[in-house]
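Shown next, in structure tokens, is the structure this report addresses.
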Protein chains: 2
Amino acid sequence: MPSSTVENYLKQIYLEQQPLGGSDLVPMGRLATAMAVTPGTATTMIKALAEANLVTYEPRTGVRLTKAGEQLALHVLRRHRLVELFLVKVLGLDWSEVHDEAEHLEHAVSDKVLERIDAYLGHPSVDPHGDPIPTSKGKVTPQKLQSLAECDLNQPLRIARIADQEPAFLQFLHRSGLIPGVALTIQSRDPHADSVLLKLANKSPLSLGTAAAAKILVEPA
Amino acid sequence: MPSSTVENYLKQIYLEQQPLGGSDLVPMGRLATAMAVTPGTATTMIKALAEANLVTYEPRTGVRLTKAGEQLALHVLRRHRLVELFLVKVLGLDWSEVHDEAEHLEHAVSDKVLERIDAYLGHPSVDPHGDPIPTSKGKVTPQKLQSLAECDLNQPLRIARIADQEPAFLQFLHRSGLIPGVALTIQSRDPHADSVLLKLANKSPLSLGTAAAAKILVEPA
DNA sequence: ATACTGACTTTGATTAGTCAAAGTCAAGGT
DNA sequence: ACCTTGACTTTGACTAATCAAAGTCAGTAT
């Protein structure tokens, strides 16, 4: 069995690999920062993972998951996201605090318990943040979502996913009513002011910076 | 925060200390066996725990929890037993398999999640095996139970607790209907044959060896 | 071309937890 | 009293994961 450290590295490589457009190399510096370790530590670890055929490693260039590494990463992600949803739906924890809890529990939950949780929740497809939950076979249905920073104006939209786990940011979104499932339209976008003006039903217009808007993913309503 | 290894040592010392009648010294050999480590490993660990004032250590004699060590042990035990009950009651896992699951989860559950579980279960006082659940303040209400190997004949009794976690043994008990809450009487006891003859309502008499009978704790019905 | 810079790798050391094997102690038998 | 035995402790070594600091490389700027 892989240690929880190994699981965390694989998960992180997967997460870093996604926004880079699929199967690109993740630079070591980026990984080291994400894992909050010194670059040397990441190098050592990655060499070990390469030895175990979980990643391919090109020195001074970066790292990429192998098929085996990706399957393991997706399994960890499945545990993480099912646990998050379980904590919210069953134990009533707050949206904003479950990420850190799940960070620990994802390494302690057995397959047996995980499948019970999955069944109890009715085989859900997304977690409380809208992140897709991989299947037990390691498949993720690709979402084709746009962020509020890039999609068209005046179209009926629905929030599908929040691409950030910061408790403070999530709490702000909750206070503002910007949670997955909510309908809205973009009234205007001002590149100079670096801001987006939103309109939610029964609410006064709300202005968001581009950086924040980019973390809110939507689909046509 | 104590590592899960430290938590396991403290929990084990507590469990070994109980049958020895309260606050006796636990011999190092016994502890090493229970922890499945070599004697030298246990010695090293215990010296570190003594340094941290979690145990008092008398070389070549044994080890005993301090107040601080006992509080920590009870906190771990609370997590373990609440998790066990949660797995049985909510996720429908089998009585016999939850011990090993809880062994991992007890180190990953935060106080916040634990108290939610406690509330969800209605602040229970015993786990699925009848083991008492310490309060969040680290108090255990002492049970005054007798085992089937020692209590009176022909008295109406009720099973209160099973003092063993072996899955195979627990599965046998389940098949035989010997689970906490069940009423029975002892028909006879034969010291030479090393056996006890039980009578459950609506069942034919059942014979048990003394070693097994000693693990079944009962109270007057 | 040469040197600078920033990103990455190597090296040496540290901590937690462990084992194997050698050493030590205390208790009991002769 | 002495020796044996079994229980415990000490020692030396190992693995996983980490950091600090020194070393190296590749690309950019002069």
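Below, chain A is the first sequence line, B the second, and so on; all start at residue 1.
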How many Å lie between [atom1] on [X] and [atom2] on [N], as a whole number?
{"X": "E58(B)", "N": "dC25(C)", "atom1": "CD", "atom2": "P", "result": "17 Å"}
{"X": "L31(A)", "N": "dT9(C)", "atom1": "CG", "atom2": "P", "result": "10 Å"}
{"X": "N8(B)", "N": "dA16(C)", "atom1": "CG", "atom2": "P", "result": "17 Å"}
{"X": "L25(B)", "N": "dA7(D)", "atom1": "CG", "atom2": "C1'", "result": "15 Å"}
{"X": "K47(B)", "N": "dG17(C)", "atom1": "NZ", "atom2": "C1'", "result": "15 Å"}
{"X": "E51(A)", "N": "dA16(D)", "atom1": "CD", "atom2": "P", "result": "12 Å"}
{"X": "L49(B)", "N": "dG17(C)", "atom1": "CG", "atom2": "C1'", "result": "12 Å"}
{"X": "L10(A)", "N": "dA17(D)", "atom1": "CG", "atom2": "P", "result": "11 Å"}

From the list [options], which nucleotide is the closest neighbour of the side chain of [X]?
{"X": "M45(B)", "options": "dG17(C), dT9(C), dT18(D)", "answer": "dG17(C)"}
{"X": "Y9(B)", "options": "dT18(C), dG17(C), dT9(C)", "answer": "dT18(C)"}
{"X": "P27(B)", "options": "dC19(C), dT18(D), dC8(D)", "answer": "dC8(D)"}
{"X": "P39(A)", "options": "dT9(C), dC19(D), dA20(C)", "answer": "dT9(C)"}
{"X": "R60(B)", "options": "dC8(C), dC25(C), dC19(D)", "answer": "dC25(C)"}
{"X": "V6(B)", "options": "dA17(D), dG17(C), dT9(C)", "answer": "dG17(C)"}

Checklist entry - When the nearest nucleotide of DNA chain D is assigned to T44(A) and to M28(B) on a heavy-atom basis, which residue is associated with the more 5' position? => result M28(B)

Next on the checklist: Heavy-atom nearest nucleotide on DNA chain D for G29(B) versus S4(A): which residue maps closer to 5'?
Outcome noted: G29(B)

Item to check | The single option from E103(A), E7(A), E106(A) passing salt bridge (charged side-chain N to carboxylate O under 4.0 Å, His left out) against R79(A) | outcome: E7(A)

Checklist entry - Given dA17(D), is OP1 or OP2 found less than 4.0 Å from the side-chain N or O atoms of S3(A)? => result yes

Item to check | Short side-chain N/O contact from T41(B) to OP1 or OP2 of dG17(C), under 4.0 Å | outcome: no

Give one of base, sugar-phosphate or nothing for [X], where a contact means two heavy atoms less than 4.0 Å apart.
{"X": "G40(A)", "value": "base"}
{"X": "T61(A)", "value": "nothing"}
{"X": "T5(A)", "value": "sugar-phosphate"}

Looking at every non-hydrogen atom in both residues, tell me the closest pair between [X] and [Y] and how far apart they are.
{"X": "A214(A)", "Y": "S147(A)", "value": "O-CB, 3.4 Å"}
{"X": "Y57(A)", "Y": "A50(A)", "value": "CB-CB, 4.0 Å"}
{"X": "Q143(A)", "Y": "R161(A)", "value": "OE1-NH1, 2.5 Å"}

Checklist entry - Do we see a donor-acceptor contact under 3.5 Å between the side chains of E84(A) and H129(A)? => result yes

Checklist entry - Would H80(A) and H99(A) count as a close aromatic pair, with their ring centres under 6.0 Å? => result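 Yes; H99(A) has its ring centre under 6.0 Å from that of H80(A).
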
